[in-house]
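Just the heavy atoms: all of them, side chains too, but no hydrogens, waters or symmetry mates, feed the values below. Chain letters run A, B, ... following the sequence lines, proteins first, then strands; residues in each count from 1.
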Amino acid sequence: MSERFFPDSMPPPMADATTLPWWKEAAKHRLVVQRCTSCQHTCLPPSPVCSECRSTESDWQEVSGRGEVYTFTRVHRPVAGNQELPFVIAVIALKGSGGVRMMSNVVGVKPEDVEIGMAVEVIWEDMSEELAVPRFRPVG
Amino acid sequence: MSGSKAQIVGVGESKYARWGKIGDVTEHALACQAIQRAVEDAGLSMDDVDGLASFAEDRNEAVFIGAELGIPRLRFGNMVWMPGGGGGCAAVANAAMAVEAGQAEVVVVYRSLCQGQFFRFGSPGMDTSGAAEPEAPTVKQADSLMIASIGFVMPYGMLMAAAAYALPTRRHMHLYGTTGDQLGMLAVTFREHASRNPRAVMGGRPMTLDDYRASPMIADPHRLFDCCLESDGACAVVVTTPERARDLAKQPVEILASEQGAPKGYGFGTFSNANVPDELYATGANEEMANRLWGKAGIGPNDVDVAQLYDHFTGCVLMQLEDYGFCKRGEGGPFIESGALSWHGGSLPTNTHGGSLSEAYIHGLNHVVEGVRSLRGESTSPVENAEVCLVTSAACVPSSAVLLGRK
Ligand SMILES: [Zn+2]
């Protein structure tokens, strides 16, 4: 099991048949974006229809896990018991993803040192044997 | 102004109180009270009402409200899809369309919130005490599209609106140099308006910029006083035809134009969608809708005398000021700093009731009520000779807006 940053009681992902495969890839520590097999448009969260060409065929493209902080907030109220505060929720622009961003957390750095444009990389947090959640930490 | 447009002829509300303070009356009873007061304000009887309209997440279904109020023929019962705070103006628009199309003659739009009796909007919905024995974390089944959307970001702790709308506001600060003090000035201005309004929950709680700066950080840049109240209360507005409006109790207010807006790929907005297009991210995502609204009414932002802008968070108001063209993109901060929003001498008196930040949080339908009062000359922070009022619903989510006019 990995290093832990958040308690077990953090809210779990709630998935439907469209988003569940993304979490199955995550469990294998594979960070993926959905790619339309017709026009190559990439997106998150996964969608049953491509917003650009309306194709319903797609696959998963693995990305490097590098990116930069697009925006963020330091949250001072807990969403789980025994949680360290404040914690950072950030939008990460994923490198090599065709312009896709994702929501996540920035860890491994003092919350007051997080800034827009900061280079980050994914670090997987195994919440259990079945659930891995991608967080991000500063590169280097 | 055309003579065929729907008119608002009555407004009313219950007492407004802090979250959880109304426990002896049910939420739907409070809705009935607000509806009765609005109908009375119009000089109509419940026997005249034949339509009810509301917007998303309403627990108080029209069929039951209609039965409780003894409405003789409910010809129109309607709900807007736009999320919670985004749909208030659209509900007024639906009422207007109904009376203009002859589907109903007198439609009441209502909203009631007694959150102490139900789930609290924006609460984590989780045990944060640490007392519960957690089960092994795993992916859970989403039972709706909305839960699937929010559920994709929940494991990062994205559960609070205060955090969700901090994201675009933080980016606005990064791009344009917007400051916390500029957000604070907006909150202070609305509080000053509330201090003149006996209905306002925060009426007796004056606030200075120093008080704002000292308020606790919730999800930065949002301090406590950047966040709207959580309230118990209900309000309602009565919409009818121009013919019917002609000889009622109060001067009618015309619905000049209305629009709804959800940009491409926007979904639920920055709450759950990290991929809001870059050009929309640090905005309220209302600019395209605003342009349609101005075009439809044949007027522009310079023609607006008073505005009631949905204020769930200070930054969302700032971005609306830019979206609706009251100032250029990125200049919302200096615009606020200029004192523009003050009822007393400001170039755009805004939220003359105190808004959701300081009057009450009734999902913005109280902004429509205040819009009507401001054109009737009944506002407690009156704007002299006001003829045109812009009322908006929530920004940073799919939204709606109405332009109100006094003949
Ligand atoms: Zn495609």
Of all heavy-atom pairs between [X] and [Y], which one has the smallest distance, and what is that distance?
X	Y	answer
B/Val139	A/Trp23	CG2-CB, 3.8 Å
B/Gly157	A/Phe87	O-CZ, 4.0 Å
B/Met154	A/Met14	CE-CG, 3.6 Å

For the [atom1] atom of [X] and the [atom2] atom of [Y], what is their distance to the nearest 0.5 Å?
X	Y	atom1	atom2	answer
B/Arg171	A/Thr73	CZ	OG1	15.0 Å
B/Asn275	A/Tyr70	CG	OH	9.5 Å
A/Glu130	B/Thr138	CD	OG1	4.0 Å

For residues 96-106 of chain A, dump all side-chain donor-acceptor pairs below 3.5 Å to protein atoms at least two apart in sequence or in another chain.
unit_1, atom_1, unit_2, atom_2, d
A/Ser97, OG, A/Leu94, O, 2.7
A/Ser97, OG, A/Gly99, N, 3.4
A/Ser97, OG, A/Val100, N, 2.9
A/Ser97, OG, A/Val100, O, 3.3
A/Arg101, NH1, B/Ala274, O, 2.7
A/Arg101, NH1, B/Val276, O, 2.8
A/Arg101, NH2, B/Val276, O, 3.2
A/Ser104, OG, A/Pro134, O, 2.7
A/Asn105, OD1, A/Arg135, NH1, 2.8
A/Asn105, ND2, A/Val88, O, 3.1
A/Asn105, ND2, B/Tyr156, O, 2.9

Heavy-atom check, side chain of A/Glu52 versus side chain of B/Lys264, under 4.5 Å: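 Yes, at least one pair of side-chain atoms sits under 4.5 Å.
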Sub-4.5 Å side-chain heavy-atom contact between A/Phe6 and B/Pro155: no
Residue A/Val75 versus chain B: region with a heavy atom under 4.5 Å: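 Both parts, backbone and side chain.
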Region of A/Leu20 that comes under 4.5 Å of a non-hydrogen atom in chain B: side chain
Check whether [X] gets within reach of chain A through its side chain, its backbone, both or neither, counting any heavy atom under 4.5 Å.
X	result
B/Ser149	neither
B/Tyr165	neither
B/Asp143	neither

Short N-O contact, B/Arg170 and A/Glu115, less than 4.0 angstrom: no
Contacts with chain B made by residues 36-45 of chain A (heavy-atom distance under 4.5 Å), listed by residue number: A/Leu44, A/Pro45
Of A/His76, A/Arg74, A/Arg77, the residue whose pairing with B/Ile218 passes side chain to side chain contact (heavy atoms under 4.5 Å, CB included): A/Arg77
Heavy-atom pair count under 4.5 Å with chain B, highest-scoring of A/Ile89, A/Asp16, A/Val91, A/Ile116: A/Ile116
Contact leader toward chain A among B/Ile150, B/Thr169, B/Asp220, where contacts are heavy-atom pairs under 4.5 Å: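 Going by pairs under 4.5 Å, I would pick B/Asp220.
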